[in-house]
Amino acid sequence: MTATRIDGKAFAARLRERVGAYAAGFEKSVGRKAGLAVVLVGEDAASQVYVGAKGKATLAANMASFEHRLPSDTTSEALMALVEQLNNDDSVDGILVQLPLPDHLDEQSIIAAISPDKDVDGFHVINAGRLSVGQTGFVPCTPLGCMMLLTDRLGDLSGLEAVVIGRSNIVGKPMAQLLLDANATVTIAHSRTNDLASVVRRADIVVAAVGRPQMIGKDWLKDGATVIDVGINRLPPEPGKEKGKLVGDVAFDEASEVAGAITPVPGGVGPMTIAVLLRNTLVAAHRNAGLEAPADL
Ligand code: GUN
């Protein structure tokens with residue numbers, strides 16, 4: 001069997017298109033654009049690229065983008081003051097502080113300063129708590145994007161065995177919550193799990209978020225499993241090449257011989273993250289304006 005390739009890039013493009021159309025409608029009825037503020041502290045090269053991409057995508061979706069690039073020696077007080085200013089700014093619906101922050105800044109206390117109703121990353125403890133007890137809040141973008149791909153592929157997930165590999169606050173834990181809410185039977189596995197391969201082999205749904213290149217091979221997978229690969233790892237460069245190849249946590253080619261469907265890296269989960277960020281921002285804008293967000297956002 002050769003697995004169906006789950007095209008996250010195409011799915012994300014359709015979601016961005018939908019967000020853009022609804023954002024135009026929002027501007028017409030409310031009289032202002034939905035707005036996303038992105039804060040970057042320091043010179044981290046990857047973060048610069050992400051923040052640039054987020055700004056561009058925000059504008060392309062008919063929303064306002066507010067970029068704040070601060071020097072790496074920004075004090076905690078100055079960053080807190082900016083967050084407070086954005087909390088109180090009615091043209092800002094969503095606030096994202098790009099992580100990682102420089103070492104002298106405490107990420108948890110900065111995230112805690114963001115208004116939970118503008119926390120479109122879903123990183124605030126209030127939003128983690130809301131997800132955990134089934135209240136409306138904001139769900140982190142990457143796991144929500146994985147969930148959209150899964151329900152698009154499988155429809156109803158009731159009763160399916162799902163194994164999430166990885167237990168981070170940003171991916172593993174919220175992913176498990178979402179799968180549980182969808183009535184899957186959920187196992188969270190991690191680096192200390194005994195006989196990880198046989199745990200994963202039970203799964204109808206595998207979500208891999210461990211950060212180990214090509215760790216999951218075909219003998220780890222049940223026939224026909226749906227595999228969502230959140231990993232983005234760069235292999236060492238081949239001789240004569242400047243950059244190594246990007247690969248996921250799953251050995252894509254061999255896993256494709258066993259899986260029913262699988263996301264590629266790149267072009268799978270990655271493009272979903274920004275699309276869901278735009279979606280969360282437009283949902284925040286509706287809530288902040290006292291409107292119901294469209295059901296298919
Ligand atoms: N750094 C890498 N990914 C993300 C993300 O989704 N949100 C934030 N705030 N920082 C990140």
Side-chain angles (χ1 to χ4, degrees), residues 8 12 15-16 19 35-58 61 63 65-70 72 74 76 79-80 82-83 86-87 92-103 105-128 131 137-149 166 168-175 178 207-211 228-234 246 248-249 265-266 268-284:
L15 176 55
R16 282 163 43 163
V19 171
L36 173 65
V38 177
V39 180
L40 172 62
V41 184
E43 316 291 329
D44 182 79
S47 291
Q48 307 253 13
V49 174
Y50 292 143
V51 165
K54 285 169 186 173
K56 254 195 210 156
T58 305
M63 300 196 278
S65 168
F66 308 98
E67 269 184 37
H68 296 267
R69 293 175 185 251
L70 307 178
S72 53
T74 298
S76 181
L79 183 53
M80 290 285 198
L82 173 59
V83 168
L86 298 171
N87 282 342
V92 172
D93 295 293
I95 302 170
L96 180 148
V97 176
Q98 185 68 26
L99 303 180
L101 288 170
D103 287 344
L105 296 170
D106 177 46
E107 289 181 351
Q108 284 308 322
S109 53
I110 302 295
I111 290 167
I114 298 172
S115 161
D117 298 330
K118 295 190 177 186
D119 169 39
V120 287
D121 258 332
F123 291 172
H124 195 291
V125 287
I126 293 281
N127 282 316
L131 176 60
F138 290 105
V139 177
C141 302
T142 300
L144 185 52
C146 293
M147 204 60 194
M148 289 177 180
L149 295 178
S168 71
N169 292 332
I170 293 176
V171 181
K173 285 186 213 166
M175 188 74 231
L178 290 169
V207 180
V210 267
I228 304 291
D229 190 351
V230 184
I232 301 179
N233 312 287
R234 202 173 278 284
L246 277 184
D249 294 344
V265 176
V269 173
M272 291 299 292
T273 301
I274 289 186
V276 175
L277 174 67
L278 302 175
R279 178 259 176 214
N280 280 359
T281 302
L282 190 57
V283 169

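Order of appearance sets the numbers: ligands from 1, and atoms from 1 within every ligand. As the structure is a prediction and not an experimental result, all values here were calculated from the model.
Counting heavy atoms from C-beta outward, I228 and M175 have side chains that stay 4.5 Å or more apart. With a 4.5 Å cut-off on side-chain heavy atoms, D106 and S76 do not count as touching. Looking only at side-chain heavy atoms (C-beta outward), L86 and K118 stay at 4.5 Å or farther from each other. Residues L99 and F123 have side chains in contact (heavy-atom distance under 4.5 Å, counting atoms from C-beta outward).
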Protein N/O near ligand 1 N/O, under 3.5 Å, which pairs?
| residue | atom | partner | partner atom | Å |
| --- | --- | --- | --- | --- |
| ligand 1 | 1 (N) | Q98 | NE2 | 3.0 |
| ligand 1 | 1 (N) | L99 | O | 2.8 |
| ligand 1 | 7 (N) | D121 | OD1 | 3.1 |
| ligand 1 | 7 (N) | D121 | OD2 | 3.3 |
| ligand 1 | 9 (N) | V97 | O | 2.8 |
| ligand 1 | 9 (N) | D121 | OD2 | 2.6 |
| ligand 1 | 10 (N) | L99 | N | 3.0 |

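More than 12 heavy atoms of other residues, nucleotides or ligands lie within 6.0 Å of CZ in F66, so this atom counts as buried by the packing criterion.
The main-chain N or O of L282 is never found under 3.5 Å from a side-chain atom of D93 such that the two would form a donor-acceptor pair.
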